[in-house]
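Worksheet: the structure to be examined is printed underneath.
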Protein chains: 2
Amino acid sequence: MTAAERRAQILDAARAVFGRRGYHGSTTDQVAKAAGISQPYVVRMFGTKEQLFIEVLHDTLTTLLGAFRAAHAQSVARGDDADRRAQAIGVAYLELSETRGFHTMLLQGFVSGAEPAIGAAARAGFLDIYRFLVHEAGFDDPQVSSFLGGGMLFSVLLGIEMPTLFDADTDAAALMQATFGDKCPFIVEAERARRASA
Amino acid sequence: MTAAERRAQILDAARAVFGRRGYHGSTTDQVAKAAGISQPYVVRMFGTKEQLFIEVLHDTLTTLLGAFRAAHAQSVARGDDADRRAQAIGVAYLELSETRGFHTMLLQGFVSGAEPAIGAAARAGFLDIYRFLVHEAGFDDPQVSSFLGGGMLFSVLLGIEMPTLFDADTDAAALMQATFGDKCPFIVEAERARRASA
DNA sequence: CGAGGTAGTTATCGAATGATTACCGGCAAG
DNA sequence: CTTGCCGGTAATCATTCGATAACTACCTCG
């Protein structure tokens with residue numbers, strides 16, 4: 001396998017691992033095992049664990065902004081009004097949950113601000129999203145706060161593994177229904193599958 | 001000093017440490033140093049680091065719910081309408097940022113769901129907040145989503161140390177203005193003081 | 001006084017983990 | 001054929017960190 005392919009594969013595996021256990025809670029060996037290679041190779045390819053984490057975060061943020069731009073452009077092409085355009089971007093955000101550990105990886109990046117290099121990357125990435133929403137998508141202040149807040153709540157509910165309580169607790173089910181909307185059954189099912197495979 | 005006093009002091013120090021670096025990123029020695037005692041004593045008093053983390057989380061959630069209940073009761077006593085009552089609880093949430101690491105500790109609890117015992121405590125605590133908002137404070141679904149989302153965004157912006165960019169980046173300043181509202185200068189100043197002391 | 005409990009410490013151990021080094025097999029080019 | 005590089009591993013090192021053990025100073029009560 002070529003080095004570039006391996007690199008992509010490691011980034012993918014690392015996103016799942018880091019997304020679940022965070023920067024400090026994950027080991028390079030876990031990433032290596034998830035990618036099906038040896039631990040020293042992970043380190044050699046990325047230099048350090050911190051560098052790997054930052055590249056995963058950067059890659060995830062790039063994917064996110066790409067998805068947002070695509071959704072926005074499509075919505076504009078359809079001639080949607082402002083509300084519809086905002087909704088299209090929101091849907092794009094929810095649909096990124098199909099790629100393993102996407103939202104939890106973002107969140108883990110956002111709570112690792114105490115590591116200087118990671119904090120800088122996280123701040124820059126968060127601001128990029130904000131700038132896109134305001135300057136490209138034309139959100140106003142209440143819209144952007146509401147959008148980002150909804151996104152953070154979404155990610156936290158996934159990180160906390162709230163879907164495990166969907167069947168056991170009616171309040172949990174109501175909360176997730178209120179947050180995930182009509183994507184709710186889809187997300188609950190995806191989480192169930194993830195747990196079953198683990 | 002009595003054991004109960006020490007316990008409270010350690011919990012306080014641990015909240016600041018865990019809030020900044022998370023569960024895996026913090027060491028019992030950092031907590032001990034912050035509390036001015038030896039590392040083995042921290043472990044002996046709480047059994048394990050995990051147990052300490054869970055107790056800090058529980059303590060933080062208890063404080064949070066207490067503050068919410070007090071704010072709600074006061075608002076009811078004033079005869080406020082539903083919107084005012086919701087706002088009073090929101091203000092109570094913001095004001096808890098005066099106690100060191102409060103919001104970031106909550107967030108760190110919420111992203112450590114991969115540790116089984118911590119995840120269970122975090123889910124239960126999150127649901128307690130949800131239940132208070134819905135069943136005691138009478139929030140409807142959109143209100144509760146908006147409130148929780150705003151809270152998560154608030155905590156993430158603190159965790160990411162976004163206030164460090166307040167003066168350097170006008171977009172960062174706008175984002176924080178939109179999120180923190182009129183508490184914004186207060187919070188920026190508090191973060192500046194925290195960094196100066198570190 | 002002395003016995004026991006309370007609040008702590010110093011010293012140390014063992015496991016985990018990020019990183020390094022040295023090595024190996026295949027394959028393409030000269 | 002052999003030289004050298006590319007993709008990759010096994011072995012190992014140096015630290016860090018949570019936990020344990022053993023000890024000490026102080027206070028109080030009979």
Side-chain angles (χ1 to χ4, degrees), chain A residues 1-58 105 108-109 111-112 114-119 121 198, chain B residues 1-58 105 108-109 112 114-119 121:
Chain A
M1 188 176 298
T2 99
E5 287 170 330
R6 270 292 185 222
R7 195 181 183 81
Q9 183 189 15
I10 295 174
L11 283 174
D12 215 58
R15 171 159 45 226
V17 172
F18 282 138
R20 225 180 113 63
R21 324 195 76 99
Y23 173 62
H24 289 287
S26 306
T27 71
T28 54
D29 196 55
Q30 289 169 340
V31 173
K33 289 237 167 54
I37 56 174
S38 68
Q39 178 262 343
Y41 195 39
V42 171
V43 172
R44 200 173 65 178
M45 186 163 286
F46 291 91
T48 66
K49 172 177 151 178
E50 184 179 63
Q51 194 55 40
L52 168 60
F53 187 90
I54 289 173
E55 290 203 32
V56 172
L57 180 59
H58 187 262
M105 176 63 212
Q108 294 290 356
V111 298
S112 305
E115 298 296 312
I118 297 176
Chain B
M1 188 175 300
T2 92
E5 287 170 329
R6 269 292 185 223
R7 196 182 181 80
Q9 183 189 15
I10 296 174
L11 282 173
D12 215 58
R15 170 159 47 226
V17 173
F18 282 138
R20 226 179 113 64
R21 323 193 77 97
Y23 173 62
H24 289 286
S26 306
T27 71
T28 54
D29 195 54
Q30 289 169 340
V31 173
K33 288 238 166 53
I37 56 174
S38 69
Q39 176 262 339
Y41 195 39
V42 172
V43 172
R44 201 174 64 178
M45 186 164 286
F46 290 90
T48 66
K49 171 177 152 179
E50 185 179 64
Q51 194 56 39
L52 169 60
F53 187 88
I54 289 172
E55 290 202 33
V56 173
L57 180 58
H58 186 263
M105 176 64 213
Q108 293 290 355
S112 305
E115 298 295 312
I118 297 176

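By convention in this document, chain letters (A, B, ...) are assigned in the order of the sequence lines, proteins followed by strands, and residues within each chain are numbered from 1.
Nucleotide D/dC6 holds its C1' atom 15 Å from the CZ atom of A/Arg7, rounded to whole Å. For B/Tyr41 and D/dT24, the OH to P distance is 18 Å, given to the nearest whole Å. When the P atom of D/dC17 is taken as reference, atom NZ of B/Lys49 falls 9 Å away, rounded to whole Å. Look at CE on B/Met45: it is 16 Å from P on D/dT20, rounded to the nearest Å. Rounded to whole angstrom, the span from the CE atom of B/Met1 across to the C1' atom of D/dC26 amounts to 15 Å. Rounded to whole angstrom, the span from the CG atom of B/Asp29 across to the P atom of D/dG18 amounts to 8 Å. In this structure, CD1 of A/Ile10 is placed 13 Å from C1' of D/dT9, rounded to the nearest angstrom. When rounded to the nearest whole Å, the span between NZ of B/Lys33 and P of D/dG18 equals 12 Å.
Looking at every heavy atom in both residues, B/Ile118 comes nearest to B/Gly109 through CG2-O, 4.1 Å. Taking every heavy atom of both residues into account, A/Glu115 and A/Glu50 meet most closely at OE1-OE2, 3.9 Å. Smallest separation of non-hydrogen atoms from B/Phe46 and B/Glu55: CE2-OE1, 3.7 Å. Here the shortest heavy-atom pairing between A/Met45 and A/Ile10 reads SD-CD1, 3.9 Å. Among all heavy-atom pairs drawn from A/Val111 and B/Gln108, the shortest one is O-NE2, 3.1 Å.
Under the 30°/60° scheme for interplanar angles, the aromatic rings of B/Phe18 and B/Tyr23 are found to be tilted.
Residues B/Ala4 and B/Pro40 both approach DNA chain C. Their nearest nucleotides, taken by heavy-atom distance, put B/Ala4 toward the 5′ side. Nearest-nucleotide positions on DNA chain D place A/Gly36 closer to the 5' end than the other of A/Gly36 and B/His24. Nearer to the 5' terminus of DNA chain C, by closest-nucleotide assignment, is the contact made by B/Ala3 (compared with the other of B/Gln39 and B/Ala3).
A 4.0 Å heavy-atom criterion places the boundary nucleotides of DNA chain C facing chain B at C/dA7 to C/dA11, written 5' to 3'.
Other residues, nucleotides and ligands contribute at most 12 non-hydrogen atoms within 6.0 Å of the NE2 atom of A/His58.
Contact annotation: side chain of A/Arg6 to base of D/dG7, donor-acceptor pair absent below 3.5 Å.
OP1 or OP2 of D/dG8 has not a single side-chain nitrogen or oxygen of A/Ser38 nearer than 4.0 Å.
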